[in-house]
**Student:** 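So that we are looking at the same thing, I have put the structure below in structure tokens.
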Amino acid sequence: MPDRDESPPPQPADNLSSLQANLESRRAKLGRLIARGIDPYPRRFARSCSAADAIAQFEAADAAGLPDDAPPLRLAGRITSMRVMGRAAFLDLRDATGVVQALLRRNVLGDDYALLSDLDLGDFLGVTGQMMRTRTGQPTIEATSLTILAKGMRPLPEKWHGLRDVETRYRQRYLDLIANPEVADTFVQRSRVISGIRRFLDNRGFVEVDTPILVPIPAGAHARPFITHHNALDQQLYLRIATELYLKRLIVGGLDKVYEIGRVFRNEGIDQDHNPEFTLLESYEAYADYNAVMEMVEALVSSLAQDVHGSMQIPLGAHVIDFTPPWPRLSLREELQRRSGVDIDDYPDAESLTRIARQLGLEPAPREARGRLIDKMLSVYVEPHLIQPSFLMDYPEDMSPLAKSHPDQPGYVERFEAFAAGMEIANSYTELNDPAVQRARFAAQEHLRAAYDDDEADRTDDDFLTALEYGMPPTGGLGIGIDRLVMLLTAQTTIRDVLLFPQMRVLHDESERER
RNA sequence: GGGCCGUUAGCUCAGCUGGCAGAGCACCGGACUUUUAAUCCGGGUGUCGUGGGUUCGAUCCCCACACGGCCCA
């Protein structure tokens, strides 16, 4: 053991972490810029074009053999790489369209070249100059002047390995977007999916509408709501769990073809395909039924695959999902019987179905409603097998309170769900438009809530019933979870990777938040 | 809700059986006018997630907690 008494004490003041050293260095550079009368955060910079356009135009002009007497370009972007070689330097400038390399030479730039020593990775820089080719043939702008556009005061994630830590990727998505360019591609594709849906429905004569997000009755789906309060009205309100009942009111009102793409909120757990807020498309078409909606779903999703992915076949994990229509139409009852050996019609009540579910090795809750038991059986025996796009048709009435009964199958309704990669992507009914039957169905749901402690059972909306009493035409309705659809179309396996800001637990530790 | 795994420098990651905390990138100083993860020389980074415990001694073993991931419900 060495005697510690004579060893020098540590020097806390001199020991800076690498982050502190980096921040200090950037602050010093900022100070030098300001001291030289340079605004490190100017108000504007008139770009002549994007990085991608600069390169494309240069290649085109070069191919046409034009002499390079073109006017100088003004390009701008974030510095993502710097290769400094004394009296010359190459910088990579990145914007949303790509990367363009800039060559800085001291004899060309003169005094402007001194700016180089106060630049860091992550700064935004504007460059004026002509496009030229380097020795290796790379299109490059040779700078005749430099303008700092925004000084970056923190170091970026490492340029080669990117940002891997998933927690940081989601909490600070901007860093993910900077460090991992393929992430930005996914969100551009998401935007294309949504605009493609709008185009598709608009072309078919649908009207896009906005209905309330703050609602007095959270009806229209099986889900627990988020609860809030309006002070001036002194009234409890909920965040909507669906848009269904408001859109049907608009069908009553005669709009005939309506849709909404909007956020809905369900107070549930978070996993690979659930986020408490998600984006839902709902559409309603008067005089259509669920068969017509099925054809529309095939046409919509396959055209989106073609538009966004460039093909109807999309590789996803071990599978290639082929969205080419038509998709198989499968009977729910038959599929469940084929996969589990149980014909649900043999078990007409919750008690008998609970017994057979136990025999199958499922673990139903002590008092579980029949519809929920069937839902559980589907998710175990049927849904995981629905890899290729397919429709599961004709659901039991007790899990579908808003759907019209099936004419040939008592106890069933005209409802389908579409599945792909084992995931539900669409839900549709021939809408129930008989106000008396709807009232009875709501009552049955309220009974389930009370008798089975089912706090996800649907809720009675009397104002909606009044609307139905004025008359709603035969209508085909549809709901599509946009996030899951985007997952399929962009080959992502977690919903977090198609949500820019997935829900995360708030950090309480000050030092962690300070990162 | 339960189980398992993870948390080390700004980032990406090593760290053996408990014995002075490591690399690359980034950063700082120097050289360098066509680089491409530029190169070469030199420099030092730290609340080892947090709080307890065991121990002469804990990044390492134990307990609790926080956050994240995966699996199950």
Side-chain angles (χ1 to χ4, degrees), chain A residues 1-4 7-8 10-29 79-94 99-110 113 116-123 132-143 152-172 175-176 178-180 268-274 357 361-366 368 372 375-376 379-380 493-497 502-515:
Chain A
M1 270 314 107
D3 183 357
R4 291 286 180 79
S7 58
Q11 317 94 34
D14 296 331
N15 276 347
L16 295 179
S17 72
S18 68
L19 175 61
Q20 288 170 316
N22 195 309
L23 299 184
E24 209 150 276
S25 155
R26 285 168 187 259
R27 278 195 291 267
K29 290 172 180 176
I79 302 172
T80 56
S81 176
M82 289 205 273
R83 296 174 292 280
V84 181
M85 295 160 299
R87 286 180 278 279
F90 289 96
L91 309 189
D92 288 346
L93 297 181
R94 200 170 97 196
V99 176
V100 65
Q101 178 173 262
L103 170 58
L104 281 54
R105 298 206 294 167
R106 194 171 73 172
N107 63 335
V108 173
L109 282 163
Y113 193 77
L116 182 61
S117 62
D118 291 329
L119 294 179
D120 285 299
L121 292 182
D123 293 353
M132 46 83 75
R133 243 182 235 289
T134 64
R135 226 171 249 170
T136 56
Q138 181 174 355
T140 296
I141 182 168
E142 179 161 15
M153 299 307 290
R154 287 176 179 266
L156 294 179
E158 201 236 1
K159 63 186 172 185
W160 187 242
H161 297 95
L163 181 65
R164 297 276 171 78
D165 182 73
V166 288
E167 188 173 350
T168 308
R169 286 185 49 222
Y170 298 144
R171 287 192 194 277
Q172 294 177 276
L175 294 180
D176 190 27
I178 293 167
N180 305 315
E268 297 164 350
I270 298 173
D271 65 24
Q272 287 189 54
D273 39 46
H274 292 88
L362 301 177
E363 291 169 12
E368 191 138 14
R372 289 180 65 95
D375 203 29
K376 193 170 278 182
S379 66
V380 171
T493 54
T494 164
I495 197 169
R496 298 180 200 97
D497 285 338
Q503 197 61 233
M504 301 286 276
R505 202 181 283 270
V506 172
L507 294 178
H508 293 290
D509 187 315
E510 288 297 328
S511 66
E512 280 189 80
R513 202 181 303 166
E514 209 37 46
R515 299 191 297 188

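A, B, ... follow the sequence lines: proteins, then strands. Residue 1 opens every chain.
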**Student:** Would you mind reading off the distance between Met85(A) atom CE and U33(B) atom P, rounded to a whole angstrom?
**Tutor:**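 That distance rounds to 9 Å.
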**Student:** Would you say the side chain of Gln138(A) and the base of U36(B) hold a donor-acceptor pair, judged only by whether the two atoms sit under 3.5 Å apart?
**Tutor:**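 Such a pair is found, so the answer is yes.
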**Student:** Using a 6.0 Å cut-off, check whether atom CZ of Arg106(A) has over 12 heavy atoms from anything other than its own residue.
**Tutor:**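 Result for CZ/Arg106(A): open.
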**Student:** Between Gly162(A) and Gly137(A), which has a closest nucleotide on RNA chain B that is more 5'?
**Tutor:**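 Nearer the 5' end of the strand: Gly162(A).
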**Student:** Classify Ser81(A) by what it touches in the nucleic acid, base, sugar-phosphate, or nothing, heavy-atom distance under 4.0 Å.
**Tutor:**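 Touches sugar-phosphate only.
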**Student:** Do the side chains of Arg171(A) and Asp165(A) get close enough for a salt bridge, i.e. N-O under 4.0 angstrom?
**Tutor:**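 No, Arg171(A) and Asp165(A) are not salt-bridged.
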**Student:** Write down the distance between CZ (Arg83(A)) and C1' (C40(B)), rounded to a whole number of angstrom.
**Tutor:**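 After rounding, the reported distance stands at 17 Å.
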**Student:** What does U55(B) pair with, Watson-Crick or G-U, if both distances are under 3.5 Å?
**Tutor:**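 U55(B) is paired with nothing.
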**Student:** Using OP1 and OP2 only, check whether a side-chain N or O of Arg154(A) sits under 4.0 Å from C11(B).
**Tutor:**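 Arg154(A) to C11(B) OP1/OP2: no side-chain N or O under 4.0 Å.
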**Student:** When both hydrogen-bonding distances must be under 3.5 Å and the geometry is Watson-Crick or G-U wobble, what is C60(B) paired with, if anything?
**Tutor:**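 Because no pair has both required distances under 3.5 Å, C60(B) counts as unpaired.
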**Student:** Is the phosphate of C28(B), meaning OP1 or OP2, less than 4.0 Å from a side-chain N or O of Ser25(A)?
**Tutor:**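 Looking at the OP1 and OP2 atoms of C28(B), one of them is under 4.0 Å from a side-chain N or O of Ser25(A).
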**Student:** From U12(B), U34(B), C32(B), pick the nucleotide closest to the side chain of Leu103(A)?
**Tutor:**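 For the Leu103(A) side chain, the nearest candidate turns out to be U34(B).
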**Student:** So what's A37(B) paired with, Watson-Crick or G-U wobble, going by both distances under 3.5 Å?
**Tutor:**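 Pairing partner, where one exists within any strand: none, as none qualifies.
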**Student:** Whether Arg135(A) contacts U33(B) is assessed here as follows: a side-chain N or O lying under 4.0 Å from the phosphate OP1 or OP2. Is that the case?
**Tutor:**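 The answer is no; no side-chain N or O of Arg135(A) sits under 4.0 Å from OP1 or OP2.
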**Student:** Taking the nucleotide of RNA chain B with the closest heavy atom to each, which residue, Leu119(A) or Asn107(A), is nearer the 5' end?
**Tutor:**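 Closer to the 5' end of RNA chain B: Leu119(A).
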**Student:** Does any nucleotide pair with G6(B) by Watson-Crick or G-U wobble geometry, both distances under 3.5 Å, and what is it?
**Tutor:**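 For G6(B), the partner nucleotide comes out as C67(B), under the 3.5 Å rule.
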**Student:** Considering every strand shown, what is the Watson-Crick or G-U wobble mate of A23(B) when both distances are under 3.5 Å?
**Tutor:**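 Across all strands, the one nucleotide that pairs with A23(B) is U12(B).
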**Student:** Taking the minimum atom-to-atom distance to the side chain of Thr136(A), which one of G46(B), U33(B), U36(B) wins?
**Tutor:**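 Among the listed nucleotides, the one closest to the side chain of Thr136(A) is U36(B).
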**Student:** So which nucleotide from G68(B), G24(B), U34(B) ends up closest to the side chain of Glu158(A)?
**Tutor:**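 Selected nucleotide: G24(B).
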**Student:** Could you let me know what G1(B) is paired to, Watson-Crick or G-U wobble, both distances under 3.5 Å, or none if it's on its own?
**Tutor:**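 Looking at the geometry, G1(B) pairs with C72(B).
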